[in-house]
Asks: 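Can you keep this structure in mind? I'll have questions shortly.
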Number of protein chains: 2
Amino acid sequence: MAFSIYTPTMAATRDRIIVATNELFRRHGYNGTSLSQISEAAEATIGSIYHFFPGGKEALGVVVIDTTAGIYRELFESIAADSPDPHSAFQSFFASAGEVLKASNFIDPCPIGTIAREVANTNEALRQAAERAFNSWIASVELYLITAGIDPHSAGDLAVMFVTTVEGTFVVSRTLRSTAPLEAAARHIVTAIDVAPRPTQTTAR
Amino acid sequence: MAFSIYTPTMAATRDRIIVATNELFRRHGYNGTSLSQISEAAEATIGSIYHFFPGGKEALGVVVIDTTAGIYRELFESIAADSPDPHSAFQSFFASAGEVLKASNFIDPCPIGTIAREVANTNEALRQAAERAFNSWIASVELYLITAGIDPHSAGDLAVMFVTTVEGTFVVSRTLRSTAPLEAAARHIVTAIDVAPRPTQTTAR
DNA sequence: GTCTATAATTTGATAGAC
DNA sequence: GTCTATCAAATTATAGAC
């Protein structure tokens, strides 16, 4: 499966607004994106934006975060389901993330971390949405690792580390315009997976 | 001050502007911080800001990034110099980062990653400043690890991974308002350091 | 070096016709 | 649901007196 957040056939106005906002947030962040830009990119008037999101820019931001979080969680679960083991699952995830970065000329693959840093101390609704996103990813990865036979305590640590690594490599790789940080982190994650204790199985990998 | 191009007031005001801007960027990011806020926090008029930074907000941002990058690099090098080995150096770094996060009620410890994500695709001067910051940290950590006897190739990977991990844990820990992600990442970094090859067993460990 | 005043735009948001 | 018109406030930046 392609490493993309876009879903096909989006015609409804509300969906166009969400998709356009997501794209703009990826490039300019939350504070750097104006409603007029969203209106133009979504081909919807400001009036339409307020019709679907009476709470304005903040309410729209919450929906964008929740939607994007779900798409990324499903992307990970899809890659995991198609992989023979955690080692190759994580390898695939980082490999396709790197390809998307390069193909998009190092546009941010995901707006959630950016928004989190911008508003974590000033907008509680958006901060909580980002918290839901991170927690849902951690829970999904943790469950997958446990199901794959990894010691539950190690699985929790590895899941947290995976999410922090994704966030960290996205900033650094994007800023340096190089996938090298992504690849270095992938090697380390995969090694950590390999050496994690597996109570019900002896061989790693 | 006949023989100096700097007057006392000049240095003081310029310094106040840089420090105040750094603090505001940590809380609200680059686009979320206005010159009027900076003016108020620095107790300097808008006219003074433009006197010291004719390039306006962008030029001020570049100086803030470069200054902060140097402070953080020196902080790491100071902790490294005071530690008996890389294992405890990294442990100390993450431990004190966690204390700073808690003590500040999870304000962002560093504005650079936030700015990088906000402007990496729209402001080349700021993106390059962030790139300089990341690269200087990576180079500093790499040199330290090599000096400590770690295999040069591993040292490069570990240095990159350290910087990405710092960035990733700062976002996630701050958003979740918990130092747990920071601690989980610290455990893995320390383990990676422990298992890294040491070809010349001179001063390692 | 510092200050006030202000220019020129843009912002998020609202009202009401259709 | 979509549209135009518009609001008050805030934005970066400049000019010029002191």
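Chain identifiers are assigned alphabetically (A, B, ...) following the order of the sequence lines, protein sequences preceding nucleic acid strands; residue numbering begins at 1 within each chain. Side chains are part of it too, since the values below use all heavy atoms of this structure and drop only hydrogens, waters and symmetry mates. Keep in mind it's a predicted model, so treat the numbers as computed, not measured.
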Asks: To the nearest Å, give me how far apart CD1 (A:Ile46) and P (C:dA17) are.
Replies: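 In whole Å, C:dA17 P lies 20 Å from A:Ile46 CD1.
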
Asks: Quick check on DNA chain C: between A:Lys57 and B:Ala44, whose nearest nucleotide comes earlier from the 5' end?
Replies: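 With A:Lys57 and B:Ala44 compared, the 5'-side residue is B:Ala44.
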
Asks: Measure the spacing between OG1 of B:Thr68 and CD1 of B:Ile112 and express it to the nearest 0.5 Å.
Replies: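 Those atoms lie 5.0 Å apart.
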
Asks: Side chain of B:Leu35, heavy atoms from C-beta onward: which of C:dT14, D:dT2, D:dA13 has the nearest atom to it?
Replies: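 Looking only at side-chain atoms, B:Leu35 lies closest to D:dA13.
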
Asks: I need the CD-C1' distance between A:Glu40 and C:dT11, as an integer number of Å.
Replies: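 Rounded to the whole Å, the gap is 16 Å.
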
Asks: Rounded to whole angstrom units, what separation is found between the NE2 atom of B:His28 and the P atom of D:dA10?
Replies: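 It works out to 15 Å between those atoms.
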
Asks: As an exercise, state the distance from CG of A:Asn22 to SG of A:Cys110, rounded to the nearest 0.5 Å.
Replies: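 SG of A:Cys110 is found 7.5 Å from CG of A:Asn22.
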
Asks: Just N and O in the side chain of B:Thr45: are any of them under 4.0 Å from OP1 or OP2 of C:dT4?
Replies: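 Negative; the distance criterion is not met.
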
Asks: Base, sugar-phosphate alone, or nothing: which one does B:Ser39 contact when heavy atoms must sit under 4.0 Å apart?
Replies: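 Nothing, no heavy atom under 4.0 Å.
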
Asks: Distance check: side-chain N/O of A:Ser34 vs OP1/OP2 of C:dT10, anything under 4.0 Å?
Replies: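 It does not, given that no N or O in the side chain of A:Ser34 lies less than 4.0 Å from OP1 or OP2 of C:dT10.
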
Asks: Does a nitrogen or oxygen in the side chain of B:Thr13 sit under 4.0 Å from OP1 or OP2 of C:dT2?
Replies: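 So the side chain of B:Thr13 is within the cut-off, an N or O lying under 4.0 Å from OP1 or OP2 of C:dT2.
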
Asks: Just call it for A:Phe52: base, sugar-phosphate, or nothing, with non-hydrogen atoms closer than 4.0 Å on any strand.
Replies: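 If one applies the 4.0 Å heavy-atom cut-off, A:Phe52 turns out to touch the sugar-phosphate alone, with no base involved.
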
Asks: Given A:Phe162, which of A:Phe76, A:Tyr144, A:Trp137 fulfils the ring-ring contact (aromatic ring centres under 6.0 Å, His included) condition?
Replies: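 Of A:Phe76, A:Tyr144, A:Trp137, ring-ring contact (aromatic ring centres under 6.0 Å, His included) with A:Phe162 is met by A:Phe76 alone.
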
Asks: Using only side-chain N and O atoms of B:Ser48, determine if any of them is under 4.0 Å from OP1 or OP2 of C:dG1.
Replies: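 Checking B:Ser48 against C:dG1: no side-chain N or O falls below 4.0 Å of OP1 or OP2.
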
Asks: Rounded to whole angstrom units, what separation is found between the CZ atom of A:Arg16 and the C1' atom of D:dG1?
Replies: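 After rounding, the gap between these two atoms is 12 Å.
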
Asks: Separation of B:Arg14 atom CZ from C:dT2 atom P, in whole Å?
Replies: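 One finds 13 Å between P of C:dT2 and CZ of B:Arg14, rounded.
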
Asks: Just wondering, more than 12 heavy atoms not from A:Glu124 lying within 6.0 Å of its CD?
Replies: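 Yes, because the 6.0 Å sphere around CD of A:Glu124 holds more than 12 heavy atoms from other groups.
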
Asks: How many Å lie between OH on A:Tyr30 and P on C:dT11, as a whole number?
Replies: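 It works out to 14 Å between those atoms.
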
Asks: Can you tell me the distance, in whole Å, between the CG atom of B:Asn31 and the P atom of C:dT11?
Replies: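 Rounded to the whole Å, the gap is 11 Å.
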
Asks: Counting only heavy atoms from other residues, nucleotides and ligands, does the tally under 6.0 Å from CD of B:Glu40 exceed 12?
Replies: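 12 or below, so no.
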
